[in-house]
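Accompanying notes for the structure given below.
Because the structure is predicted, anything quoted here is derived from the model rather than measured. All values below were derived from every heavy atom in this structure, side-chain atoms included, with hydrogens, water molecules and symmetry-related copies excluded.
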Amino acid sequence: SNEHKIATSNEHKIATSNEHKIAGLTCDTYPGGPFSEDLTREMVYWSDIPSDADYKSPFKRDKEEAVMYMTFEPDGGGWNNIRMAMETVVVMAHAMGRTLVLPPEQRFYLLMKNKKNEKTGFSFADFFHLDSLHMEHSGLDIITMEEYLVREGMTGNLRDKDTGQITFPPGNRTNWNEEGPFHPQLKDYLRQVAYTPHWTPDACMAGFPETATTAHTQRLKDTHQSIMNEGIPNLNSFIGNPTSVDAPTIDRMKENMAGRTQMCVYDDEMQKEQVLHFMCNHKVRVRLLVHFYAFLFFEDWRQDMWSKRFVRDHLRYVDELQCAAARVVNAIRERAKGRNAENVDGVFDSMHVRRGDFQYKFTQIEADELYKHSEDLIPVGTTVYIATDERIKPFFKPLADKFDVVYLDDFKHLLKDVNTNHYGMLDQLIASRGRVFVGTYHSTFTGFINRMRGYDSVKNKLPLYEQGIIESYYFVPAENKHIMKKYQPVKRAFYAKEFPVSWRDIDRGIKELWNGQDPV
């Protein structure tokens with residue numbers, strides 16, 4: 001299983017001939033393929049940049065030195081909140097040069113369907129190619145919780161942070177995989193044997209100096225202080241006016257501060273801690289519900305670009321899901337072609353309509369309103385794919401009267417071997433391929449669809465891609481309907497939408513990362 005592949009020892013990072021390459025996408029081994037490269041290629045928004053895999057953070061220690069770790073608690077919300085926090089943690093682990101310890105398998109909120117017949121205890125390796133990530137990247141080591149507890153917990157290397165006493169895992173237990181939520185005893189233990197930063201993304205930006213020296217740490221703090229002395233810039237000045245990705249640190253910081261006054265710097269004190277543990281703790285308002293690029297700031301612009309490429313190229317859904325989505329996208333295109341001989345490419349449009357338990361009730365409007373807010377964007381008769389958690393499909397009649405509406409349910413015959421708990425991820429992948437996309441504001445589900453559309457717009461040089469603009473809209477509120485049609489700086493509430501800084505011009509600086517030298 002993925003778990004065991006990840007746990008292989010770090011000394012032997014040698015890709016074997018059958019090692020999965022994250023960069024490609026081959027669907028031949030899945031029932032129904034697709035077997036044509038043209039059909040799989042359309043899903044590929046990521047790139048293969050071999051030199052990026054050799055990049056190590058300036059904080060990564062030499063092999064001879066003690067291993068530094070990072071543990072974390074997954075977000076307690078829905079899948080896309082969990083995914084956002086995980087992206088942030090993985091990028092932080094690389095940036096800090098720390099070995100990332102994955103949480104044990106557990107049951108995630110809303111991923112609990114069909115308990116009798118299907119797996120419902122998941123680890124992140126079920127959704128992302130973390131095994132390959134560990135093998136392919138010299139700057140990132142990933143191990144399982146079990147390996148961490150065997151290696152450090154059971155050998156007396158972990159100490160209670162208050163008393164300094166050697167502390168063993170509860171009941172000397174090392175395997176905490178279970179079908180329930182993250183075990184409270186394990187959570188308490190991890191918090192007690194590690195330094196737990198109280199970093200709150202809404203209040204502070206996490207700052208990473210260019211090198212692991214006291215001088216650079218101070219320089220980063222001084223840059224922040226000089227902005228505070230001048231006064232925080234008005235975010236509106238960046239609308240339609242992005243800062244160049246390779247601009248001086250102070251200029252990039254001004255935009256990235258997003259109105260926050262504090263900077264949490266990865267300073268000398270934190271660098272010395274053997275284990276950092278990132279909590280999801282509502283009592284002390286510590287929760288990484290933030291896009292990695294809205295929270296993490298790198299003094300070195302080349303490292304910033306690397307981090308954004310890293311997430312694009314490596315933290316993507318596993319091949320099984322990409323291939324299943326490719327089968328459905330192909331079926332939708334064939335259907336659209338069959339309805340209109342002039343639609344030679346099988347163009348279709350897409351929507352995400354969030355109903356269910358969504359806390360933002362103003363977004364839950366009736367279907368005639370959904371039509372009213374999208375009729376100017378999508379011509380009558382167009383094939384429209386609707387990603388939705390609404391089970392009662394007659395709800396969509398006002399849309400179905402005007403458009404040729406299809407849902408994931410219409411293509412279940414193409415998804416025979418896919419766990420139904422993964423259907424939401426398929427919905428995202430399929431919806432991301434629409435020509436026009438209309439989504440739900442405040443939804444992190446819609447957000448990730450837009451980020452994938454942003455990556456794709458750059459790869460295929462779609463109109464206005466240089467400004468980070470994509471062909472995406474929102475149903476409500478009316479003032480945000482066209483917000484993706486103009487460059488927007490990162491701003492709070494960060495999770496409400498995704499921002500073009502995550503995909504715009506991020507392929508700059510690939511060679512500069514090595515100062516003109518070949519990767520080591």
For the student: nearest non-hydrogen atoms of [X] and [Y], plus distance:
X	Y	result
D52	R309	OD2-NE, 2.6 Å
I82	G77	CD1-O, 3.4 Å
S51	I510	OG-CG2, 3.7 Å
Q262	H224	C-NE2, 3.8 Å
I232	M257	CG1-CE, 4.3 Å
P477	Y441	CD-CB, 4.0 Å

Parallel, tilted or perpendicular: which fits the ring planes of [X] and [Y], with parallel below 30° and perpendicular above 60°?
X	Y	value
Y385	F411	tilted
F403	Y371	tilted
F499	H291	perpendicular
W306	Y55	tilted

[X] side chain to [Y] backbone, donor-acceptor under 3.5 Å:
X	Y	result
H134	I142	yes
N234	N236	yes
D349	V436	yes
R453	G434	yes
T211	P58	no
E299	P209	no
T440	H352	yes
S36	D38	yes
T200	A203	no
R312	R451	no

Between [Y] and [X], does any NZ, NE, NH1 or NH2 come within less than 4.0 Å of an OD or OE carboxylate oxygen?
X	Y	answer
D376	K481	yes
D345	R333	no
D409	R391	yes
R354	E390	no

Do the side chains of [Y] and [X] get nearer than 4.5 Å, heavy atoms only?
X	Y	value
R492	R260	yes
P242	R504	yes
I378	Y473	no
R252	V501	no
L100	V89	yes
V405	K393	no
M425	R83	no
I239	Q488	yes

Please check if atom [atom1] in [X] has more than 12 non-hydrogen atoms from other residues, nucleotides or ligands closer than 6.0 Å.
X	atom1	answer
R285	CZ	no
E466	CD	yes
K337	NZ	yes

Passing candidate, ring-ring contact (aromatic ring centres under 6.0 Å, His included) with Y317, options F127, W46, F448
F448
Please report the C-alpha distance between V418 and Y423 in whole Å, then the side-chain angles of each, then the deciding distance to 0.1 Å, and finally whether the side chain to side chain contact (heavy atoms under 4.5 Å, CB included) criterion is met.
CA-CA 8 Å; V418 179; Y423 279 10; 4.1 Å; yes
If we ignore angles and hydrogens, is there a donor and acceptor under 3.5 Å between the side chains of D251 and T243?
no
Should N80 and Q428 be marked as a side chain to side chain contact (heavy atoms under 4.5 Å, CB included) after you check the CA-CA gap, both sets of side-chain angles, and the distance that decides it?
CA-CA 10 Å; N80 283 282; Q428 289 178 302; 2.8 Å; yes
How far does [atom1] of [X] sit from [atom2] of [Y], to the nearest 0.5 angstrom?
X	Y	atom1	atom2	answer
F348	I332	CZ	CD1	4.5 Å
D313	E136	CG	CD	10.5 Å
Q303	F297	CD	CZ	11.0 Å
Q467	L464	CD	CG	5.5 Å
C204	W199	SG	CH2	7.0 Å
H216	F208	NE2	CZ	16.0 Å

Decide yes or no on salt bridge (Lys or Arg N to Asp or Glu O under 4.0 Å) for K372 and D368, but give the supporting numbers first.
CA-CA 6 Å; K372 202 170 86 184; D368 53 348; over 6 Å; no
Criterion side chain to side chain contact (heavy atoms under 4.5 Å, CB included) on V245 and I506, from CA distance to verdict:
CA-CA 8 Å; V245 297; I506 63 174; 5.9 Å; no
Going by the side chain to side chain contact (heavy atoms under 4.5 Å, CB included) test, name the single residue among V438, L399, V406 that passes it with I386.
L399
With salt bridge (Lys or Arg N to Asp or Glu O under 4.0 Å) as the criterion, how do E375 and K402 come out once you've worked through the C-alpha distance, each side chain's angles and the decisive distance to 0.1 Å?
CA-CA 9 Å; E375 62 178 329; K402 301 289 186 178; over 6 Å; no
Given K459 and D456, is the salt bridge (Lys or Arg N to Asp or Glu O under 4.0 Å) satisfied, shown in steps?
CA-CA 5 Å; K459 184 151 195 146; D456 178 74; over 6 Å; no
How about F494 and F295: are their ring centres within less than 6.0 Å of each other?
no
Does Y407 form a side chain to side chain contact (heavy atoms under 4.5 Å, CB included) with F396? I'd like the steps, not just the answer.
CA-CA 11 Å; Y407 315 93; F396 291 106; 3.2 Å; yes
Run the salt bridge (Lys or Arg N to Asp or Glu O under 4.0 Å) check on R355 and D389 step by step: do they pass?
CA-CA 6 Å; R355 305 279 297 158; D389 55 354; over 6 Å; no
